[in-house]
Amino acid sequence: MSDPRRILLADADQFFVAVARLVDPEGAGKTPMLIVGGRPGSRGVVCSASYETRVFGVRSGMPIARALKLCPQATSIPVPRGACSKMSRAIRTVLEQFTPVVRGASIDEWYLDLTGTEALYHHEALAVTAARIRAAVLDATGLSVSFGGGTNRLIAKLAVEFGKMKPGTDRTGVFVVEPGQEAAFMKERVALADIPGIGPRFQQALAVRELVSVADVLPHDVGALERWFGSRAGQWLWRRARGVGDATVTVREPAKSISHEDTFRRDVSNEAAIQREVAGLAAKTGADLRDHRLMARTVTVKLKYTDFSIRSASRTVKEAIESDRAVTDLAMALLAHLRRRRRAPIRLAGVGVSGLADAADRQAGLFDESPSTNGGASPVESLRDRRLSRAVDVIRGKFGDGAVQRGPGRDPAV
DNA sequence: TCTGGGGTCCTAGGACCC
DNA sequence: TCTGGGGTCCTAGGACCC
């Protein structure tokens with residue numbers, strides 16, 4: 001049996017609120033009742049809300065309109081995106097000074113593997129190391145980060161909730177579950193809904209069997225859980241309830257998809273308006289693709305209707321593409337297909353690309369410049385298309401995004 | 001004053017190939 | 001003439017996370 005792993009989860013406290021206050025100390029910094037999320041006038045939700053507003057029942061994920069109804073004296077501001085990315089990178093840089101094995105789980109969460117650093121940190125307890133990392137991040141960035149620790153990622157993730165400092169508690173910002181205590185921790189302190197991967201739908205299915213806490217699941221053998229929830233989910237639940245989780249922390253894997261979507265201020269039924277929107281999203285997605293030096297084989301268009309139902313259509317081509325022309329043409333064809341299937345007002349449109357490959361891997365001769373067969377009339381990208389997109393990128397880089405516009409069915413105005 | 005945007009992963013069926 | 005599976009790729013839909 002090898003030594004237990006030493007996994008930490010670092011979670012930035014009230015990240016969006018904290019960053020907003022940091023970048024605007026006179027405004028957001030002096031507003032106790034602060035809600036961050038959404039654009040003014042848009043149909044947005046709360047990304048992060050200050051403790052003072054939570055007293056009124058404001059929660060992240062809640063429509064901003066509802067949050068302001070619950071707490072009318074609150075101020076709502078959009079997410080300071082640029083500052084958040086910058087602060088996220090700054091926190092990561094500090095974390096990497098303590099271990100090279102840091103994996104970003106989201107903009108405000110990182111897993112750290114400190115296995116093998118025992119001698120380096122004088123065999124001190126994991127909680128002590130975590131407290132030192134916490135102090136270093138606070139000192140370098142001005143942001144408070146809480147730590148959960150344990151022998152795997154599941155335990156570290158669940159532990160952090162017990163570390164977070166809240167008004168009226170004596171918490172320190174660090175909570176570590178000692179090796180061997182995983183099962184007891186799960187049984188005594190964890191609700192099934194807290195386990196990552198158990199969302200609203202799974203909770204419903206669990207509730208039908210009167211399973212709410214981890215302790216409710218423990219008496220049932222794996223066979224019963226498999227019968228109730230399917231073989232995969234049953235086995236998964238049996239293991240999770242006992243605190244068994246993945247203990248590997250790997251550095252970030254390359255992105256698998258890139259997408260953009262937009263919710264309209266009001267539902268839209270005008271076909272030309274929908275086409276303009278999808279063309280714009282396709283261009284944005286194409287620009288991101290090239291920005292990351294990637295190419296894509298699959299394009300997906302997604303529409304969300306007034307009733308929140310979602311329809312999507314995707315198309316995979318033989319040779320990876322990167323130009324606005326190719327991405328946009330495929331997206332417009334997919335949109336036409338979706339609108340033929342269901343012509344009703346939509347509240348959201350989205351365009352995404354997947355099947356990503358490194359553009360640097362393109363080798364002379366590997367890609368045929370002549371039109372090839374992707375099922376007949378499909379658009380295949382030419383060298384000219386790629387050059388044009390890159391030229392447009394350069395102009396936009398110099399003069400801003402509005403410098404070059406492309407309308408549906410028209411040639412790019414360059 | 002209803003319900004974002006950027007992702008990941010899983011499932012299931014059909015096509016196609018060996 | 002009848003009867004196979006397994007593996008992979010693609011598409012559509014859906015659950016879930018922050």
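Below, chain A is the first sequence line, B the second, and so on; all start at residue 1.
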Have a look at [X] and say if it touches a base, only the backbone sugar-phosphate, or nothing, with a 4.0 Å heavy-atom cut-off.
X	value
Arg341(A)	sugar-phosphate
Lys302(A)	nothing
Gly44(A)	sugar-phosphate
Ala313(A)	sugar-phosphate
Phe202(A)	sugar-phosphate

[N], OP1 or OP2 - any side-chain N/O from [X] closer than 4.0 Å?
X	N	value
Arg347(A)	dG4(B)	yes
Ser106(A)	dG7(B)	no
Ser312(A)	dA12(C)	no

Checklist entry - Counting N and O atoms only, with roles assigned by atom type, does the side chain of Asp216(A) sit under 3.5 Å from a partner on the main chain of Val212(A), one being a donor and the other an acceptor? => result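 The answer is yes, because a donor-acceptor pair under 3.5 Å joins these two groups.
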Nucleotide nearest [X] (side chain, heavy atoms from C-beta), chosen from [options]:
X	options	result
Val45(A)	dG5(B), dA12(C), dT3(B)	dT3(B)
Arg232(A)	dC10(C), dC18(C), dC10(B)	dC10(B)
Arg297(A)	dA12(C), dC10(C), dG5(B)	dC10(C)
Pro200(A)	dT3(B), dC16(C), dC18(C)	dC16(C)
Lys304(A)	dC18(C), dG4(B), dG13(C)	dG4(B)

Measure from NZ or CZ of [X] to the centre of the six-membered ring of [Y], then state whether that distance is under 6.0 Å and the direction lies within 45° of the axis.
X	Y	result
Arg242(A)	Trp238(A)	yes
Arg153(A)	Tyr111(A)	yes
Arg132(A)	Phe98(A)	no

Checklist entry - Using 30° and 60° as the class limits, which term best fits the ring planes of Phe229(A) and Phe202(A): parallel, tilted or perpendicular? => result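 Perpendicular, since the angle between the ring planes exceeds 60°.
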Checklist entry - Do the rings of Phe162(A) and Phe185(A) sit parallel, tilted or perpendicular, given the 30° and 60° boundaries? => result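 Ring orientation of Phe162(A) relative to Phe185(A): perpendicular.
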[atom1] of [X] versus [atom2] of [N]: gap in Å, rounded?
X	N	atom1	atom2	value
Gln204(A)	dC16(C)	CD	C1'	14 Å
Arg153(A)	dT8(B)	CZ	P	15 Å
Gln235(A)	dC10(B)	CD	C1'	15 Å
Leu348(A)	dT3(B)	CG	P	12 Å
Ile310(A)	dG6(B)	CD1	C1'	13 Å
Ile195(A)	dC16(C)	CD1	P	13 Å
Phe15(A)	dG6(B)	CZ	P	17 Å
Glu277(A)	dG4(B)	CD	C1'	14 Å

Checklist entry - Taking DNA chain B as the partner, which of residues 236-266 of chain A come within under 4.0 angstrom of it by heavy atom? => result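 Heavy-atom contacts with DNA chain B come from Ala255(A), Lys256(A), Ser257(A), Ile258(A), Ser259(A), His260(A), Glu261(A), Asp262(A), Thr263(A).
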Item to check | Of residues 49-75 of chain A, the positions that come close to DNA chain B - non-hydrogen atoms, cut-off under 4.0 Å | outcome: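 Contacting residues: Pro63(A), Ala65(A).
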Can you tell whether the side chains of [X] and [Y] come within less than 4.0 Å, N to carboxylate O?
X	Y	value
Arg6(A)	Asp113(A)	no
Asp358(A)	Arg293(A)	no
Arg325(A)	Glu381(A)	no
Glu322(A)	Arg390(A)	yes
Glu253(A)	Arg103(A)	yes

Next on the checklist: Do Ser323(A) and Arg290(A) pair up side chain to side chain, a donor and an acceptor below 3.5 Å, judged on atom types alone?
Outcome noted: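 No - no donor-acceptor pair under 3.5 Å links their side chains.
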Checklist entry - On a whole-Å scale, what distance lies between the P atoms belonging to dC17(C) and dT3(B)? => result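 My reading of the P atoms in dC17(C) and dT3(B) gives 22 Å.
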Checklist entry - Can you name the one residue among Val102(A), Ile7(A), Thr129(A) that meets side chain to side chain contact (heavy atoms under 4.5 Å, CB included) with Leu112(A)? => result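 Exactly one candidate clears the test, Val102(A).
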Item to check | Pairwise 5' ranking along DNA chain C for Arg311(A) and Ile107(A), keeping only the more 5' one | outcome: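 Residue closer to the 5' terminus by nearest nucleotide: Arg311(A).
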Item to check | Duplex segments of DNA chain B, taken as runs of at least three Watson-Crick or G-U pairs that stay under 3.5 Å | outcome: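 DNA chain B forms these stems: B:5-18 with C:5-18.
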